[in-house]
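Contents: one structure, followed by commentary.
Remember, predicted model here, so these are calculated numbers, not experimental data. Position 1 is the first residue of the sequence, and the numbers go up from there. Just follow the structure's listing: the first ligand is 1, and inside any ligand the first atom is 1.
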Amino acid sequence: MDAQEILAQLPERLLPWFAAHARDLPWRADREPYHVWLSEIMLQQTRVEAVKGYYARFLAALPSIAALAAAQPDTLTKLWEGLGYYSRVRALHAAAQQIMAAHGGVFPSDYAAIRALPGVGDYTAGAIASICFDRPTPAVDGNVLRVVARLTGDMRCVDDEKTKRAHRAALAAVYPAGQCGLFTQALMELGATVCLPNGAPGCDQCPMRDLCRSADGGWKRLPVRREKKPRRREELTVFLLRCGEQTAVRRRPGTGLLAGLWEFPNVPGHLSAQEAIAQAETWGAQPHALEQVLHRTHMFTHVEWDMRCCLLRCGATPEGFIWADAAELARAYALPTAFRMFRDIE
Ligand code: SF4
């Protein structure tokens with residue numbers, strides 16, 4: 001059996017398996033494009049369990065594309081707080097406004113029009129077009145690439161665009177008419193729950209086992225991936241400037257990492273206690289006690305922050321910062337996880 005013949009067996013094997021084993025996920029309750037779109041964007045680089053709460057809160061606050069389009073940017077970043085990759089929510093907002101302006105508020109059903117929305121790539125467009133509109137458009141993410149590479153014993157690097165295009169085309173050719181959405185979800189499900197990325201896949205439970213070219217241990221070599229560059233490490237001194245019950249925050253620049261979000265004041269490098277006090281004095285905060293020094297690290301995709309956090313009791317609330325008490329900080333200011341982990345330190 002050649003590779004394409006193996007893939008041609010997927011629909012009749014996977015669909016009954018999916019009917020019996022599909023996880024009950026909130027975004028699978030219907031095929032409303034707004035719901036599928038939102039869930040696919042949230043699930044990028046993020047675990048299913050972490051997304052569930054955010055998904056429910058986001059839809060409760062913004063139940064329609066019109067409500068999303070009309071939302072204030074600060075409302076959106078607050079709803080996204082802690083989920084990471086904040087450019088996703090800015091793109092969602094821009095796309096909702098585009099749907100209102102160019103499509104009369106109705107989510108487009110055509111693949112090319114979906115793909116043209118801000119923040120929507122081949123994977124997301126394929127997922128929405130197949131799940132919501134029954135189009136034979138594969139949604140090829142890391143999970144699906146892994147399944148296809150292992151099933152067919154394909155040694156091409158799955159990080160190469162050419163390989164992705166080839167796998168997408170091979171899958172598109174076997175999509176079952178009338179069940180495109182279920183097939184997309186079944187492929188994703190197999191990759192997410194059986195043909196796992198780390199450690200041994202569950203070949204014993206796999207409906208493709210007898211046809212798979214990697215079930216005998218070949219999965220250890222597949223998929224072939226490009227070597228990742230190590231993360232750049234940056235040192236940072238973060239200041240929790242406390243005056244009475246209030247803590248200083250400021251907004252980050254409008255471009256770059258964590259653009260436009262809130263942060264505790266910080267400077268590059270690891271400052272000594274004396275240097276930290278001197279820095280707070282230059283801000284006019286009149287520091288009188290360095291109460292705690294904590295170390296934390298936070299990973300981004302390409303950067304690792306090595307953070308030294310100094311809790312300083314201060315006698316003044318200089319301009320240049322917003323001074324907020326604990327309740328206000330929690331309610332009104334979207335702090336990314338890198339800073340939020342210091343928020344509740346007493
Ligand atoms: S048999 Fe094993 S390696 Fe092959 S697709 Fe199924 S889980 Fe993956």
I'd like to know if [X] pairs up with [Y] as an ion pair, taking the criterion as any Lys NZ or Arg NE/NH1/NH2 lying under 4.0 Å from an Asp or Glu carboxylate oxygen.
X    : Y    : answer
R231 : E304 : no
R226 : D160 : yes
R343 : E81  : yes

Taking Y333 as the fixed residue, which of F264, W262, F339 is the one that meets the ring-ring contact (aromatic ring centres under 6.0 Å, His included) rule?
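The single option meeting the ring-ring contact (aromatic ring centres under 6.0 Å, His included) with Y333 is W262.
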
| query | With a cut-off of 2.8 Å, does any N, O or S atom of C206 fall short of it relative to atom 2 (Fe) of ligand 1? | reply |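 No - counting backbone and side chain alike, C206 has no N, O or S atom under 2.8 Å.
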
Next item on the list: Show which atoms of ligand 1 fall inside a sub-4.0 Å distance from at least one heavy-atom site of R209.
Entry: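 Atoms satisfying the 4.0 Å criterion: 1 (S).
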
I need the nearest protein heavy-atom contact for atom 2 (Fe) of ligand 1: residue, atom name and distance, please.
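Closest protein heavy atom to atom 2 (Fe) of ligand 1: C203 SG, 2.4 Å.
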
Hey, does the Lys NZ or Arg CZ of R57 hover above the aromatic six-ring of Y54, less than 6.0 Å from the centre and inside 45° of the axis?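 Geometry flag: set, cation within 6.0 Å and 45°.
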
Considering only heavy atoms, does C212 approach ligand 1 within less than 4.0 Å through its side chain, its backbone, both, or neither?
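Just the side chain.
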
| query | Taking the non-hydrogen atoms of M208, is any one of them nearer than 4.0 angstrom to ligand 1? | reply |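 In this structure, M208 fails to qualify as a contact of ligand 1 - no heavy atom is under 4.0 Å.
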
- Query: Are any N, O or S atoms from C195 nearer to atom 8 (Fe) of ligand 1 than 2.8 Å?
  - Reply: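 Checking C195: at least one N, O or S atom is under 2.8 Å.
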
